[in-house]
Number of protein chains: 2
Amino acid sequence: MSLIPIRPGAQSGGGRPAAPAAETGRRDAARNRELLLCAAREIVGESSVDALTMDRLAQRAGVGKGTVFRRFGSRAGLMMALLSDAEAEFQGRFMFGPPPVGPGAPPLERLIAVGAARIAWTLEFGELARAADASAYNRFDVPPAVLWHRHLEMLLRDAGVTADPRLMASALGAALEPELLLHSVGVHGIAPERLAETWRELVTRIVGGH
Amino acid sequence: MSLIPIRPGAQSGGGRPAAPAAETGRRDAARNRELLLCAAREIVGESSVDALTMDRLAQRAGVGKGTVFRRFGSRAGLMMALLSDAEAEFQGRFMFGPPPVGPGAPPLERLIAVGAARIAWTLEFGELARAADASAYNRFDVPPAVLWHRHLEMLLRDAGVTADPRLMASALGAALEPELLLHSVGVHGIAPERLAETWRELVTRIVGGH
DNA sequence: ATGCTAAACGGACTGCGGTCCGTTTATATT
DNA sequence: AATATAAACGGACCGCAGTCCGTTTAGCAT
């Protein structure tokens, strides 16, 4: 179940139809949607995210290419759809899960914990996340990203950061972007623990704790 | 004059030739390089960065498409070449320019000032910078980016940040990435001064100043 | 001047994301 | 069951970045 409905085709820029998520509309549409997601997971599983081209996907699923774009709007939209479960699970953890990531722990502790969790999550699903981001201007305005930033903002407020917590959250959030994390680990071989440690240092200093 | 030689074709990934920057090699090559840069600036000036396609550029400059790619390696490489002057000027400012951006001021002041300068710079050349970034994994490993991060790292050290200043610099640098800044200003209408103010708050808290 | 060779050239070609539009079909209505 | 219609379908088509390879040429050696 999706806590925030992730509607892949909902990019503000382009396609009118705003692809319906599941249960609505015609039966064959829903069937094809599942067919496509399934085939997409197969391709990613067998090869890599890069190997997932829209043509190949259409062929594999036995549908026309137009159908793929009708369902998901764009390649990035498809990637978001593939991520949606993992994303929802992560959202659930920081919103309703057990402390220190979920509510119940002091704000600073939560910030530290949720950052570490985000790092781990990104390293697990990062390739998909990167492909989902790779799109356009609205990268930061997609529902899960908005929720995530709002959550950081709230934690900052709770921790007593009064100066423009919204922008502070953006700035801080930038330190956890998939691009950066994947690059640090993948190219420079930084250990994930060091990233988490740096994040701890960062937020600790920012909320003035210590 | 370029403080750090920016060699557009030097992406570690692909093209072997690593396009020679100016004065080396054959005369016609150099001439075509200038021809292309000139035509590129024309196109960008008349329309926009997005309107600068490699085909159009080749046609406009009256050379073959192969030549464009031989010179610049990729679209991103071309963008870097277009940025190179502005980039070098900015480098000069924070390395040798007058305080507080250049050397001479206390580290925290320099951090604050250089961040503000970077924000202004990005808002001026951001579209090019975005197009130059838009490439690959090595976005952070291109010479100007490396120099910039190293500089932040040095300032952090000078300011007494002892815990993993390298990663701290990456994290902080992420808050100044073109994507984020352009999005804040362009989509959400945040005033540049607020961005600079947030940066000030951020680094002040991090170096434990005040 | 002539010839040699490495380098530069140009444009046809590939694979990709994304669009368009004529055709088919699921479903509601009678 | 027959019909209507909005929706979904499929694949030809477009423009793009990037590659490949046969052809041309600049600059040097003789």
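Owing to the predicted nature of the structure, the values given are computational and were not obtained by experimental measurement.
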What's the separation between atom CZ in B:R200 and atom CD in B:E193, rounded to the nearest 0.5 Å?
13.5 Å

Would you tabulate the nitrogen or oxygen pairs shorter than 3.5 Å linking the protein to nucleotides 14-17 of chain C?
{"unit_1": "C:dG17", "atom_1": "OP2", "unit_2": "A:M54", "atom_2": "N", "d": "2.9"}
{"unit_1": "C:dG17", "atom_1": "N7", "unit_2": "A:K65", "atom_2": "NZ", "d": "3.0"}

So CE of A:M79 and CZ of A:R130: to nearest 0.5 Å the spacing works out to 11.5 Å

What's the verdict on side chain to side chain donor-acceptor pair (under 3.5 Å) for B:D141 and A:H188, showing C-alpha distance, side-chain angles and the deciding distance?
CA-CA 10 Å; B:D141 289 327; A:H188 290 303; 3.0 Å; yes

Nearest heavy-atom contact between A:A117 and A:V101 is CB-CG2, 4.3 Å

B:L57 CG to D:dG18 P: how many Å, rounded?
13 Å

Expressed in angstrom and rounded to an integer, what is the separation of A:R31 atom CZ from C:dT25 atom C1'?
11 Å

Counting only distance, no hydrogens or angles, is the base of C:dA8 paired donor-acceptor with the side chain of B:R26 under 3.5 Å?
no

Phosphate OP1/OP2 of D:dG10: any A:T67 side-chain N/O under 4.0 Å:
yes

Starting at CZ of B:R71 and ending at P of C:dG10, how long is that distance when rounded to a whole Å?
11 Å

Using whole Å, report how far CG of B:D50 lies from P of D:dG15.
17 Å

On DNA chain D, nearest-nucleotide positions of B:D28 versus A:N32: which is more 5'?
A:N32

Quick one: is D:dA8 close enough that its OP1 or OP2 comes under 4.0 Å of any side-chain N or O from A:R70?
yes

What is the separation between atom CZ on A:R33 and atom P on C:dA26, rounded to the nearest whole Å?
20 Å

Could you list all the side-chain hydrogen bond (donor to acceptor under 3.5 Å, both in side chains) pairs where at least one residue sits in residues 111-122 of chain B, not counting sequence neighbours?
none

Protein-nucleotide distance (A:L35, atom CG; D:dA8, atom P), rounded to Å
16 Å

So, applying salt bridge (charged side-chain N to carboxylate O under 4.0 Å, His left out) with A:E46, which one of A:R56, A:R60, A:R41 is it?
A:R60

